[in-house]
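Chain letters run A, B, ... following the sequence lines, proteins first, then strands; residues in each count from 1. Hydrogens, waters and symmetry mates play no part in the numbers below; they use all other heavy atoms, side chains included.
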Amino acid sequence: MTAQTETSADAPVYWDPYRPDLGNDPYPTFRRLREEAPLYHNPEYGFYALSRFADIEEHFANWEIFSSSRSDILEFIQAEELEVPPGMFIWQDPPQHTAYRAVVARVFTPKRMNALEAQIRAYCARCLDPLVGTDRFDFISDLGAQLPGGVIGMLLGIPDEDRDAVRERVEGALRTEEGKPMELDQAAYVGEGFEDYIDWRVNNPSDDLMTELLNVEFKDDTGTLRKLTRDEILIFVNVLAGAGNETTSRLIGWFGKVLGDHPDQRRAIAANPALVNPAIEEILRFEPPGPSVARYVMKDVEVHGQVVPAGSVMLFLLASANRDSARFPDGDTFNIHREGPPHITFGRGIHSCLGAALARVEGRVALDEVLKRFPDWTVDTANAKLSSSSTTRGWDTLPSFIG
Amino acid sequence: MAKITYIGFDGEENVLDVENGRSVMQGAVSEGLRGIIGDCAGSCSCATCHVYVDPAWFDKLAEPSEMEAILLEEVCDPQPTSRLSCQITVSDALDGLVVRMPEKQV
């Protein structure tokens, strides 16, 4: 098959998450999937996909059929030899998942995230102030690549001088090469790097999340009241750092791109900071940093009159659901004044994004601080670079003219 | 079935018929009401469906679970009648329930 036959209007609709030409603008394909193949099957990579909002809302949270126990990433689910370590709660189902999720939900809450706002603002100022008076600003290298790692560092109480090292290590971990599936060794969330810090924090307690994780008592899935082990804490910290870094960087890139493309709406936000919050929600709907999430099918399930057999992989195309005009009128139009139901970017159900509150605070504060300094910008499209994988989609670099 | 009155932070009132067995959160989200998010779809972990229950109704609700009680200390602007609306299951006994939305969920 060639790209032309696969994507032309006469041929049956084709989609996979690896092809750069589809990843650059997946939305016309998503629209065709919703209209022509609401249950899509890709024989080449062996997955099914759901693209309509109503279908995703109905099935995504049903963990008894659509399981996370073999991870949430297409390539890893299909790898025979994947081993999920205990405590890797994002890749577990109840009952193991329940106790761990509750522990993290207790310490990763809206209030705690909002309490970071002043620190996040100061961090943004440190990134942005040196650029005032210049004529160029890169949403990724100058801000998006720095802020999320810095915030994870704040949250965990990692000393400033160690934060860059942590960020660099996390950044490399979940990247894919363009056009290629991920390698299984990238599943190693149990990476090194935080051990020394955990051990140091045992003897130097503070008011950070790491100290809280060291002290929290919980009932595990056997009903025993206990503290987390060092290995469990290590996995938690790696998950939080891994999940909160690239995605938030992508959110910052997307507000740069989308508001660059919609200067009238950008000016409206700059003139009225009350619009920052709805603008971030609309950007999350319009360009979700994680466009698709995979699940392992535990038992045969009928969808749109067809049986999806146990053992299959189902991709939930959240980015497509967010554009579904049956749920979001005129879904392909970006409109910060949109009213109505929330997007599904953070997922639904027991595995919905624990960092949603943090991502929202970071997105709001970053956008506000950028607009205060640079109310107008034009993206340097010729030098911007987009990449997409089976897990994330966004800008690796997004230089802009601000002069 | 119960009639539930949702009052937005701006004072806008919506009265919805919610089926027994569904949660107060689901009733709002399925109608697309702003002010309740409910990311975790009722699994009591995201704390984005916070409401203030009308004092006349507060004592008629089942006690919050341990997890809900923990999360209620972590929502934005908690008050004595705060509850997570995903943990309030609708029944005939709640016909007429009034809940108010907080200024923000996150």
Would you indicate whether B:Lys60, at its atom NZ, is surrounded by more than 12 heavy atoms from other residues, nucleotides or ligands within a distance under 6.0 Å?
yes

Any side-chain heavy atom of A:Asn114 within less than 4.5 Å of one from B:Cys76?
yes

Best-contacting candidate, A:Asn277, A:Leu358, A:Ile350, against chain B by heavy atom pairs under 4.5 angstrom:
A:Ile350

Exercise: identify the closest heavy-atom pair between B:Cys40 and A:Arg101
CB-NH2, 4.4 Å

Ranking A:Gly347, A:Ala61, A:Ala102, A:Gly349 by heavy-atom pairs under 4.5 Å to chain B gives rank one to A:Gly349

Chain A contacts, top residue of B:Gly42, B:Ser43, B:Cys46, B:Ala28 (heavy-atom pairs, under 4.5 Å):
B:Ser43

More than 12 heavy atoms of other residues, nucleotides or ligands under 6.0 Å from CG of A:Asn272: yes or no?
yes

Taking A:Pro341, A:Pro110, A:Ala115, A:Ala105 one by one, which has the highest count of heavy-atom pairs under 4.5 Å against chain B?
A:Pro110

Tell me, do B:Glu74 and A:Arg106 make a side-chain contact under 4.5 Å, heavy atoms counted?
no

Measure across B:Arg34 and A:Arg338 and return the closest heavy-atom pair with its distance rounded to 0.1 Å.
NH2-O, 3.3 Å

Considering residues, nucleotides and ligands other than B:Gln79, do more than 12 of their heavy atoms fall under 6.0 Å from its CD?
yes

When rounded to the nearest 0.5 angstrom, what distance separates OG in B:Ser45 from NE2 in A:His97?
7.0 Å

Counting only non-hydrogen atoms closer than 4.5 Å, does B:Glu31 touch chain A with its backbone (N, CA, C, O), its side chain (CB onward), both, or neither?
neither

Residue A:Ala356 versus chain B: region with a heavy atom under 4.5 Å
side chain

Residue selection (most heavy-atom pairs with chain A, distance under 4.5 Å) from B:Val75, B:Asp39, B:Ile70:
B:Asp39

Contact class of A:Arg348 relative to chain B, heavy atoms under 4.5 angstrom:
both

B:His50 NE2 to A:Lys111 NZ distance, which is reported to the nearest 0.5 Å
10.5 Å

Would you check if A:Thr109 and B:Leu71 make a side-chain contact, meaning some heavy-atom pair closer than 4.5 Å?
yes

A:Arg360 portion near chain B, given a 4.5 angstrom heavy-atom threshold:
side chain

Rounded to the nearest 0.5 Å, the CG atom of B:Leu33 sits from the CD atom of A:Glu339 at a distance of 11.5 Å

